[in-house]
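Below is one structure, written out as structure tokens; comments come after it.
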Amino acid sequence: MARRYDCNDATDRKTGLREAAAAVRRGELVVLPTDTVYGIGADAFSAEAVGDLLQAKGRGRNMPTPVLIGSPNTLHGLVTDFSEQAWELVDAFWPGALTLVARHQPSLQWDLGETRGTVAVRMPLHPVAIELLTDFGPMAVSSANLTGHPSPEDCDAAQAMLGDSVSVYLDGGPTPGIVPSSIVDVTGKVPVLLRAGALSAEELRKVVPDLEVAS
């Protein structure tokens, strides 16, 4: 039976965050608010939990799950060959709606799907999400919807779709909007904008002028 906590109530929020972190440690799924839409999260280092996440969404391994982190410092243990331009993007836009596709450390024992040695990583600008990620660590997080359905902007919509496949729902109220994060590939010599979302190419070029846009 799924449990739901009102994160606008201080006591419920404290309990909910504690229960959510414990659930993720047990390999279970949780739903959390972010600065874009609600996300469904799991332990990034548990292949079984990530598999459960994909199954709950009805999503294939050909669409790997992004990873959310609570601090830019966490990147040091996750990625390799991270360029100076990539760090400049982090400094300018994190926490916020920018996802960076980078090469992950070869030593990492995780299975996020068919990533081809890369990871899509982001630090969200939402206090509930950051608190959970700071407590637990990196989490595999995807939008909390069934594949093919709209991404949920409130906890009710997420729970209606995912039901008891999720152990803990953290209700932070409506999210700011459904505009997704922008995605920039920083695996090459020049950053490449793969998806324009909350941040436009023009905004990103103020930080990395040679940014290219994928055709």
Side-chain angles (χ1 to χ4, degrees), residues 7 31-42 44 63-105 108 110 112-113 115-145 151-153 170 172-215:
C7 292
V31 159
L32 63 152
T34 76
D35 49 344
T36 54
V37 296
Y38 272 77
I40 177 174
M63 297 178 70
T65 305
V67 170
L68 296 189
I69 59 177
S71 166
N73 290 333
T74 307
L75 282 171
H76 294 289
L78 298 182
V79 302
T80 185
D81 300 326
F82 207 66
S83 68
E84 187 63 37
Q85 286 181 312
W87 283 114
E88 288 171 356
L89 288 168
V90 166
D91 290 342
F93 298 111
W94 278 15
L98 175 64
T99 297
L100 296 176
V101 176
R103 300 197 183 282
H104 70 68
Q105 293 281 1
L108 291 180
W110 62 11
L112 302 169
T115 64
R116 298 179 179 84
T118 66
V119 60
V121 64
R122 183 167 88 88
M123 179 182 176
L125 181 59
H126 195 288
V128 174
I130 288 178
E131 200 166 337
L132 177 59
L133 293 162
T134 300
D135 181 6
F136 178 78
M139 288 177 58
V141 180
S142 182
S143 55
N145 60 299
S151 299
E153 297 176 71
L170 297 177
T175 57
I178 60 171
V179 179
S181 65
S182 297
I183 302 176
V184 175
D185 184 338
V186 293
T187 60
K189 291 183 178 180
V190 177
V192 179
L193 179 61
L194 302 180
R195 180 181 76 188
L199 295 167
S200 67
E202 289 71 25
E203 290 176 280
L204 294 164
R205 283 189 176 124
K206 292 176 183 177
V207 177
V208 284
D210 58 348
L211 176 85
E212 295 180 355
V213 177
S215 55

What pairs of donor and acceptor atoms, side-chain ones from residues 67-81 against any protein atom, are under 3.5 angstrom apart with sequence neighbours left out?
unit_1: S71; atom_1: OG; unit_2: N73; atom_2: N; d: 3.2
unit_1: T74; atom_1: OG1; unit_2: S71; atom_2: O; d: 3.2

Would you compute the distance between atom [atom1] of [X] and atom [atom2] of [Y] and round it to the nearest 0.5 angstrom?
X: E131; Y: L170; atom1: CD; atom2: CG; value: 10.0 Å
X: L32; Y: M139; atom1: CG; atom2: CE; value: 5.5 Å
X: L89; Y: L199; atom1: CG; atom2: CG; value: 9.5 Å
X: M123; Y: L133; atom1: CE; atom2: CG; value: 8.5 Å
X: E202; Y: L193; atom1: CD; atom2: CG; value: 9.5 Å
X: F82; Y: Q105; atom1: CZ; atom2: CD; value: 11.5 Å

- Message: What verdict does the side chain to side chain contact (heavy atoms under 4.5 Å, CB included) test give for W110 and T65, after you've listed the backbone C-alpha separation in whole Å, the side-chain angles of each residue and the deciding distance to 0.1 Å?
- Response: CA-CA 11 Å; W110 62 11; T65 305; over 6 Å; no
- Item | Lys/Arg N to Asp/Glu carboxylate O, D210 vs K189, below 4.0 Å |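 No, this pair does not count.
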- Between R122 and T34, is a side chain to side chain contact (heavy atoms under 4.5 Å, CB included) present by the stated rule, with each step listed? CA-CA 11 Å; R122 183 167 88 88; T34 76; 3.8 Å; yes
- Query: What residues, two or more places apart in sequence or in another chain, satisfy side chain to side chain contact (heavy atoms under 4.5 Å, CB included) together with E88?
  - Reply: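 By the side chain to side chain contact (heavy atoms under 4.5 Å, CB included) rule, E88 matches E84, Q85, V207, V208.
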- Task: State whether the number of non-hydrogen atoms from other residues, nucleotides or ligands found under 6.0 Å of R205 atom CZ is greater than 12.
- Result: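 It does: R205 CZ has more than 12 such atoms within range.
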- T36 versus S181, side-chain donor and acceptor atoms under 3.5 Å: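 No, because no side-chain N or O of S181 sits under 3.5 Å from a partner of the opposite role on T36.
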- Task: Ignoring hydrogens and angles, tell me if any N or O in the side chain of S182 forms a donor-acceptor pair with the backbone of L98 under 3.5 Å.
- Result: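 Flag not set: sc S182 to bb L98 has no pair under 3.5 Å.
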